[in-house]
Amino acid sequence: MHPQLAADLAALPDLLETTRQHATDFLATLPEAPVVPARPAPEPAPLPEHGTGLRDALRDFTTRWQPGLSASAGPRYLGFVTGGATPAALAGDWLTATVDQNAMSSLDPTGQHLERETVDWLRALFGLSDAHQGALVSGATQSNTVGLAIAREWLGEQRGVSPAEDGVAALGPVRVLSGAPHSSIAKALSVLGLGRSALVTVPTLPDREAVDPAALERALQETDGPCVIIANAGTVNTVDFDDLRALAALRDRYGCWLHIDAAFGAFAALSPQHARLVDGLDLADSLCIDLHKWLNVPYDSAVQFTRRRDLQARVFQNAAAYLGELGADPDLVHLTPENSRRLRALPTWFTLRAYGREGHREIVERCAASAGTLGTAVASLDGLRLLDPVRLNVVCFTLAARPTAERLAALADALAAEAFLTPTVHAGLPALRAAFSNWRTTEEDVQRIAAALEKAVRQLPAD
Ligand SMILES: *Cc1c(COP(=O)(O)O)cnc(C)c1O
């Protein structure tokens, strides 16, 4: 063994204790650290020829890289849709690396059993029926990709071909209909060989991001044969929801596949006050839900569900002599894009075991209440204009006067130490979004954000 490895092995308990202390110190700075520090990237360093061990690596990381890291795990990082890590999820993630399992095969099955229990818990959390089976993937983009890969195989089944065996050329042209799909859908279509141009954007309801079911029906009437409908349950701009039951009825009438992208919107199911937004979620043929957003497990984690596991295995089967038969409950290696991967379920298992349905419901309700409070503050601020009612956890707003992208960027910059908000364009107007999905955000944080916003608007130059 290399002497430096041997030295670190001998000192492992001490080194891990130092690392634990380092992590604790970092977490303690989160509530007050600049949310996004303005710092240039460090000068590039060459590959070390001779390593000097973990302690030096930790020191180097601390001085060169850590100061530039954002407080994205903290309470006032409201950009994109970003979750933190609950204490139990963090511990689960540490242990994932500690036990370092490759949880893919029944030849060494415990990790796989743990993932199946976790998926069962998630199914119960979101109120899905036993008809859905699932697996964990790295994020909602990958979950959408897996769902659409199954949809692709289903289209093949309707046309008497197997794209998994014969390639997408055997399938012929495909149409994928959606109102306001997330950008990851186009990426998934590109990866799957269906092509970004397969996506047909259907008109939404007036002043909404939810699809107009009547317009969708007209588009279906103009479509030759089976196609794919993508329902959006929680759009990123304004958190709008398609009418899932209406879309499922169209799916039945026109013989289509219904994929639901509920990356963070699915969490509405946890709150009795908001659950009607996702009424019909269970009717999906394939369903995407992110876990590193509102479940507050560390990156990277999402779940995908489907009613057609048989088609999923047809797409993702990894036939090799040593991997065994598929059987009725295929090993994970036959269900997801990876061949090897970490025990991704463990952080999710820990947080569900530690806080249960009730604890996660409280996070969702507190985030929704925070968005409501900030929405009210924005609506009452002279210089700002709320662009849409707050339906769940996002506040989308712009400047009342001259709402240019440049002025909104200046406003976001002025806020960056106190709160991180990301830009968008909504209804043709440049806008900012504040998305609440972190378990640590309190009422006090919301008051701080509102005060910082008021000050930044007041100090914004006129042009
Ligand atoms: C975030 C998001 C995605 C993509 O998720 P990643 O985890 O970043 O891959 C897809 N769809 C919706 C609705 C999202 O909010």
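All values derive from a computational prediction rather than experimental measurement. Every number for a ligand or one of its atoms is a count from 1 in the order of the listing.
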For ligand 1, the portion of [X] having any non-hydrogen atom under 4.0 Å away:
{"X": "Phe264", "result": "side chain"}
{"X": "Thr141", "result": "both"}
{"X": "Ala140", "result": "both"}
{"X": "Lys293", "result": "side chain"}

Indicate yes or no for a side-chain donor-acceptor contact from [X] to the backbone of [Y] under 3.5 Å, with no hydrogens or angles considered.
{"X": "Arg366", "Y": "Trp439", "answer": "yes"}
{"X": "Thr306", "Y": "Asp285", "answer": "yes"}
{"X": "Arg251", "Y": "Val228", "answer": "no"}

When you compare the side chains of Gln273 and Ser271, does any donor N or O come within less than 3.5 Å of an acceptor on the partner?
no
Polar contact flag, side-chain donor to acceptor under 3.5 angstrom, Gln112-Ser105
no
Taking atom 11 (N) of ligand 1 as the reference point, the nearest protein heavy atom with its distance
Asp261 OD2, 2.8 Å
Test Leu343 against every option in Thr118, Leu114, Asp93 by the side chain to side chain contact (heavy atoms under 4.5 Å, CB included) rule and name the one that passes.
Leu114
List every atom of ligand 1 that sits less than 4.0 Å from any heavy atom of [X], numbering the atoms from 1 in the order shown and giving each element.
{"X": "Gly234", "answer": "13 (C)"}
{"X": "His292", "answer": "7 (O)"}
{"X": "Ala263", "answer": "2 (C), 11 (N), 12 (C), 13 (C), 14 (C), 15 (O)"}
{"X": "Val236", "answer": "15 (O)"}

Residue pair Asn237, Glu209: steps toward the side-chain hydrogen bond (donor to acceptor under 3.5 Å, both in side chains) verdict
CA-CA 8 Å; Asn237 275 342; Glu209 288 183 316; 3.0 Å; yes
